[in-house]
Protein chains: 2
Amino acid sequence: MSIEIEKKFLVKSNEYKAFAKPVLFRQGYLSTSFERTVRVRRYDDKGFITIKGKTNNCSRLEYEYCIPIEDADNMLYNLCVQPIIEKIRYFLVYKGYEWIVDEFLGVNEGLVVAEIELKDEKECFGKPDWLGSEITSDTRYYNSNLVNNPYKTW
Amino acid sequence: MSIEIEKKFLVKSNEYKAFAKPVLFRQGYLSTSFERTVRVRRYDDKGFITIKGKTNNCSRLEYEYCIPIEDADNMLYNLCVQPIIEKIRYFLVYKGYEWIVDEFLGVNEGLVVAEIELKDEKECFGKPDWLGSEITSDTRYYNSNLVNNPYKTW
């Protein structure tokens, strides 16, 4: 169990790609409720199931467990709410902080968001030039909500 | 991943207790939807998360993973739909088949059901004297439904 504190932003340009490593992520949801989400995810050769509680400010309870990748694939295509989320995730570091940038594919193509994980909600961090406006509290951008209300339909 | 085939019955008398071992089970749900349930369970000193698909006849997809018991307890009381399910489970064998009998507690007190797991939907098995009518396809008796519609309110 952990407490996850993260902030989320739109992305203005693709400069973030210069030094970033891209990885394909596929994820789907077994629960997309406001109170609790249950996510199945696979990337590289790894599978995970992740349970997250309700967001208070920008933090929430999180539990994550490794699962066999065959189970993850099977649940993504046979049990999760459809369509699943597909995105290219870029990992990069700016002024000592790790950022992740997600380029969504499929029904959410065109959407690019950046996230930073913090130890404290009030922590200060440098903002890279390619960073757009903050969307931490805009629930439309929750991955769990992009399943039921994809970006292309906005 | 496995396919679970089980039949469920009401229980007419408490003769099943004679040779059975009782274990306290606590379980709660992170999803109680018809399409997919996500269950957190703890008994003895073990914790589990279990995902089940939609029931077709009496079989359905099932995935189960061990999790730390502290996580199970934390999710049961802080994340699962309330109230959680509490029951005394009895394990016993009758004519070569393993039966489990659940005596529900709390908001489901008074309900006692017996389950048998089969390899094939058409498999034959002996019925003990204490067994009542079959309720396999009565969705009210699903543990996931007893959360939202407890037995005492029927």
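Letters A, B, ... mirror the listed sequences (proteins, then strands); counts begin at 1. Hydrogens, waters and symmetry mates play no part in the numbers below; they use all other heavy atoms, side chains included.
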Inset, instruction - Take B/Ile49 and A/Ile51, measure what side chain to side chain contact (heavy atoms under 4.5 Å, CB included) needs, and give me the verdict at the end. - result: CA-CA 10 Å; B/Ile49 187 162; A/Ile51 298 102; 3.4 Å; yes
According to a 4.5 Å side-chain heavy-atom criterion applied to Ile, Leu, Val, Met, Phe, Trp and Tyr, with indirect links allowed, do [X] and [Y] form part of one hydrophobic cluster?
{"X": "A/Ile85", "Y": "A/Tyr43", "answer": "no"}
{"X": "A/Trp99", "Y": "A/Leu118", "answer": "yes"}
{"X": "A/Phe9", "Y": "A/Tyr90", "answer": "yes"}
{"X": "A/Ile88", "Y": "A/Val101", "answer": "yes"}
{"X": "A/Tyr16", "Y": "A/Tyr97", "answer": "yes"}

Legend entry - Interface residue of largest heavy-atom contact number with chain A, from B/Thr32, B/Thr37, B/Ile67, under 4.5 Å: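 Ranked by contacts with chain A, first place is B/Ile67.
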Inset, instruction - Let me know if A/Cys80 has heavy atoms under 4.5 Å from chain B in its side chain, its backbone, both or neither. - result: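 Interface part for A/Cys80: backbone (N, CA, C, O).
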Legend entry - Exercise: identify the closest heavy-atom pair between A/Met75 and B/Tyr65: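 Reported closest heavy-atom pair: CE-OH, 3.4 Å.
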Legend entry - Criterion side chain to side chain contact (heavy atoms under 4.5 Å, CB included) against A/Tyr63, the qualifying member of B/Leu30, B/Val40, B/Asp71: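 The single option meeting the side chain to side chain contact (heavy atoms under 4.5 Å, CB included) with A/Tyr63 is B/Asp71.
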Inset, instruction - Starting at CD of B/Glu35, measure out to CG of A/Leu79 and round the result to the nearest 0.5 Å. - result: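 Rounded to the nearest 0.5 Å, the CD-CG separation comes to 9.0 Å.
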